[in-house]
Amino acid sequence: MNEENEPILIGEAGDIEPNSVEHFEYEETDYAIYNLESGFYSTQGTCTCEDHALLSEGTIDNEEIECPSCGKTFNIITGDAISDPEATSLKIYDITLENKKLFLNLN
(Lines give C-alpha, C1' and ligand atoms only; values in the text may rest on other atoms or scores of the structure.)
Protein backbone atom coordinates (compact mmCIF):
# COMPACT_ATOMS: atom_id res chain seq x y z
CA MET A 1 0.00 0.00 0.00
CA ASN A 2 1.58 3.29 -1.10
CA GLU A 3 -0.68 5.92 0.41
CA GLU A 4 0.91 9.31 0.87
CA ASN A 5 0.87 10.71 4.38
CA GLU A 6 -0.95 13.99 4.89
CA PRO A 7 1.24 16.80 6.25
CA ILE A 8 1.08 17.09 10.04
CA LEU A 9 0.32 20.48 11.59
CA ILE A 10 3.17 21.50 13.88
CA GLY A 11 1.81 24.92 14.86
CA GLU A 12 2.27 28.59 14.10
CA ALA A 13 5.55 29.64 12.49
CA GLY A 14 5.83 32.50 14.99
CA ASP A 15 5.89 30.03 17.88
CA ILE A 16 9.47 29.01 17.08
CA GLU A 17 12.03 31.70 17.85
CA PRO A 18 14.58 32.54 15.13
CA ASN A 19 17.80 30.48 15.32
CA SER A 20 16.28 27.95 17.68
CA VAL A 21 15.10 24.35 17.79
CA GLU A 22 11.90 22.96 19.28
CA HIS A 23 10.86 19.42 20.16
CA PHE A 24 7.82 17.97 18.38
CA GLU A 25 6.33 14.54 19.02
CA TYR A 26 3.96 12.72 16.68
CA GLU A 27 2.78 9.13 17.17
CA GLU A 28 5.47 8.50 19.80
CA THR A 29 8.27 9.65 17.48
CA ASP A 30 10.46 12.65 18.30
CA TYR A 31 11.29 15.36 15.76
CA ALA A 32 13.42 18.47 15.99
CA ILE A 33 11.98 21.58 14.28
CA TYR A 34 14.46 24.35 13.47
CA ASN A 35 13.91 28.00 12.59
CA LEU A 36 17.07 29.20 10.83
CA GLU A 37 17.79 32.34 8.81
CA SER A 38 17.44 30.25 5.65
CA GLY A 39 14.05 28.76 6.64
CA PHE A 40 12.38 26.01 8.64
CA TYR A 41 13.85 22.50 8.79
CA SER A 42 13.27 19.22 10.58
CA THR A 43 15.41 16.25 11.58
CA GLN A 44 14.84 13.22 13.73
CA GLY A 45 14.40 14.38 17.30
CA THR A 46 17.19 12.42 18.92
CA CYS A 47 20.90 12.09 18.27
CA THR A 48 22.29 8.96 16.66
CA CYS A 49 24.51 8.41 19.73
CA GLU A 50 23.77 5.65 22.23
CA ASP A 51 22.17 8.17 24.63
CA HIS A 52 19.57 9.21 22.01
CA ALA A 53 19.65 12.71 23.51
CA LEU A 54 16.96 15.17 22.43
CA LEU A 55 18.41 17.51 19.83
CA SER A 56 16.00 20.21 20.98
CA GLU A 57 18.28 20.50 24.02
CA GLY A 58 21.35 20.93 21.79
CA THR A 59 23.16 24.06 20.67
CA ILE A 60 22.68 25.64 17.24
CA ASP A 61 25.59 27.33 15.49
CA ASN A 62 24.61 28.66 12.05
CA GLU A 63 23.25 25.56 10.27
CA GLU A 64 24.70 23.01 12.70
CA ILE A 65 23.26 21.32 15.79
CA GLU A 66 25.45 19.94 18.58
CA CYS A 67 24.18 16.99 20.60
CA PRO A 68 23.89 17.92 24.28
CA SER A 69 25.15 14.48 25.30
CA CYS A 70 27.93 13.31 22.99
CA GLY A 71 28.94 16.65 21.44
CA LYS A 72 28.71 15.44 17.84
CA THR A 73 27.65 18.08 15.35
CA PHE A 74 25.33 17.64 12.39
CA ASN A 75 24.30 19.78 9.44
CA ILE A 76 20.64 20.66 10.06
CA ILE A 77 19.77 20.97 6.37
CA THR A 78 21.40 17.78 5.09
CA GLY A 79 21.56 15.71 8.28
CA ASP A 80 25.23 14.94 7.59
CA ALA A 81 27.52 14.26 10.54
CA ILE A 82 30.20 16.96 10.68
CA SER A 83 32.42 16.37 13.72
CA ASP A 84 32.49 12.58 13.20
CA PRO A 85 32.11 11.66 9.51
CA GLU A 86 31.79 7.99 10.55
CA ALA A 87 28.65 8.76 12.60
CA THR A 88 25.23 7.95 11.21
CA SER A 89 23.57 10.95 9.58
CA LEU A 90 20.32 12.38 10.93
CA LYS A 91 17.08 11.68 9.08
CA ILE A 92 15.66 14.86 7.61
CA TYR A 93 12.05 15.79 6.89
CA ASP A 94 10.46 18.48 4.76
CA ILE A 95 8.68 21.39 6.39
CA THR A 96 6.11 23.47 4.55
CA LEU A 97 4.83 26.89 5.54
CA GLU A 98 1.24 27.69 4.61
CA ASN A 99 -0.75 30.64 5.94
CA LYS A 100 1.81 31.12 8.76
CA LYS A 101 1.35 27.48 9.85
CA LEU A 102 4.11 24.88 9.79
CA PHE A 103 3.51 21.36 8.50
CA LEU A 104 5.76 18.31 8.82
CA ASN A 105 5.89 16.06 5.76
CA LEU A 106 6.80 12.45 6.50
CA ASN A 107 6.77 11.25 2.87
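All heavy atoms count here, side chains included; hydrogens, waters and symmetry mates do not.
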(message) The criterion is salt bridge (charged side-chain N to carboxylate O under 4.0 Å, His left out); which residues satisfy it with Lys91, sequence neighbours excluded?
(response) none

(message) Test of understanding: with side chain to side chain donor-acceptor pair (under 3.5 Å), list the residues that count as partners of Thr43, not counting sequence neighbours.
(response) Tyr34

(request) Name all pairs fulfilling the salt bridge (Lys or Arg N to Asp or Glu O under 4.0 Å) condition that reach into residues 58-69, sequence neighbours left out, sorted by first residue then second. (result) none

(request) Evaluate the side-chain contact (heavy atoms from CB on, under 4.5 Å) criterion for residues Ile65 and Asn75: first the C-alpha distance (whole Å), next the side-chain angles of each, then the deciding distance (0.1 Å), finally the verdict. (result) CA-CA 7 Å; Ile65 184 76; Asn75 182 292; over 6 Å; no

(request) Apply side chain to side chain donor-acceptor pair (under 3.5 Å) to Asp84 and list each qualifying residue two or more places apart in sequence or on a separate chain. (result) none

(request) Any pair with a residue in residues 57-92 that passes ring-ring contact (aromatic ring centres under 6.0 Å, His included), sequence neighbours left out, goes on the list, sorted by first then second residue, please. (result) none

(request) Could you pull out all residues at least two apart from Glu12 that satisfy salt bridge (charged side-chain N to carboxylate O under 4.0 Å, His left out)? (result) Lys101

(message) Please list all pairs meeting side-chain hydrogen bond (donor to acceptor under 3.5 Å, both in side chains) that have one or both residues in residues 13-25, counting only residues at least two apart or in different chains.
(response) His23-Asp30

(message) Applying a strict under-4.5 Å side-chain criterion to I, L, V, M, F, W and Y, I'd like to know whether Phe40 and Phe103 cluster together.
(response) no

(message) Nearest 0.5 Å, please: how far is CD1 in Ile77 from CG in Leu90?
(response) 13.0 Å

(request) Spell out, as yes or no, whether a donor-acceptor pair under 3.5 Å connects the side chain of Thr88 to the backbone of Thr48. (result) no

(message) For the CD1 atom of Ile76 and the CG atom of Asn62, what is their distance to the nearest 0.5 Å?
(response) 9.0 Å

(request) With side-chain contact (heavy atoms from CB on, under 4.5 Å) as the test, would you mind laying out the steps for Ile16 and Ile33 before giving the verdict? (result) CA-CA 8 Å; Ile16 302 176; Ile33 311 298; 3.4 Å; yes

(request) Indicate, with yes or no, if Val21 and Leu36 share a hydrophobic cluster defined by side-chain heavy-atom contacts under 4.5 Å among Ile, Leu, Val, Met, Phe, Trp and Tyr. (result) yes

(request) State yes or no: do Phe24 and Leu9 share one hydrophobic cluster built from I, L, V, M, F, W and Y residues joined by side-chain heavy-atom distances below 4.5 Å, directly or via other members? (result) no

Acceptor/donor pairs from residues 52-59 side chains to any protein atom, 3.5 angstrom cut, sequence neighbours excluded:
none

(request) Taking side chain to side chain donor-acceptor pair (under 3.5 Å) as the test, write out the residues that go with Ser89, two or more places apart. (result) none

(message) If the condition is ring-ring contact (aromatic ring centres under 6.0 Å, His included), which residues does Tyr93 pass it with, not counting sequence neighbours?
(response) Tyr31

(request) Give the intermediate values and the outcome of side-chain contact (heavy atoms from CB on, under 4.5 Å) for residues Leu106 and Ile8. (result) CA-CA 8 Å; Leu106 298 179; Ile8 300 147; 3.3 Å; yes

(message) Distance check, rounded to the nearest 0.5 Å: Thr73 atom OG1 versus Ile82 atom CD1?
(response) 4.5 Å

(request) Taking side chain to side chain donor-acceptor pair (under 3.5 Å) as the test, write out the residues that go with Ser69, two or more places apart. (result) Asp51

(request) State, to 0.1 Å, how close Ile95 and Leu104 come at their nearest heavy-atom pair, and which atoms those are. (result) CD1-CD1, 4.0 Å

(message) Under the rule for side chain to side chain contact (heavy atoms under 4.5 Å, CB included), what residues qualify as partners of Asp94, not counting sequence neighbours?
(response) Asn105

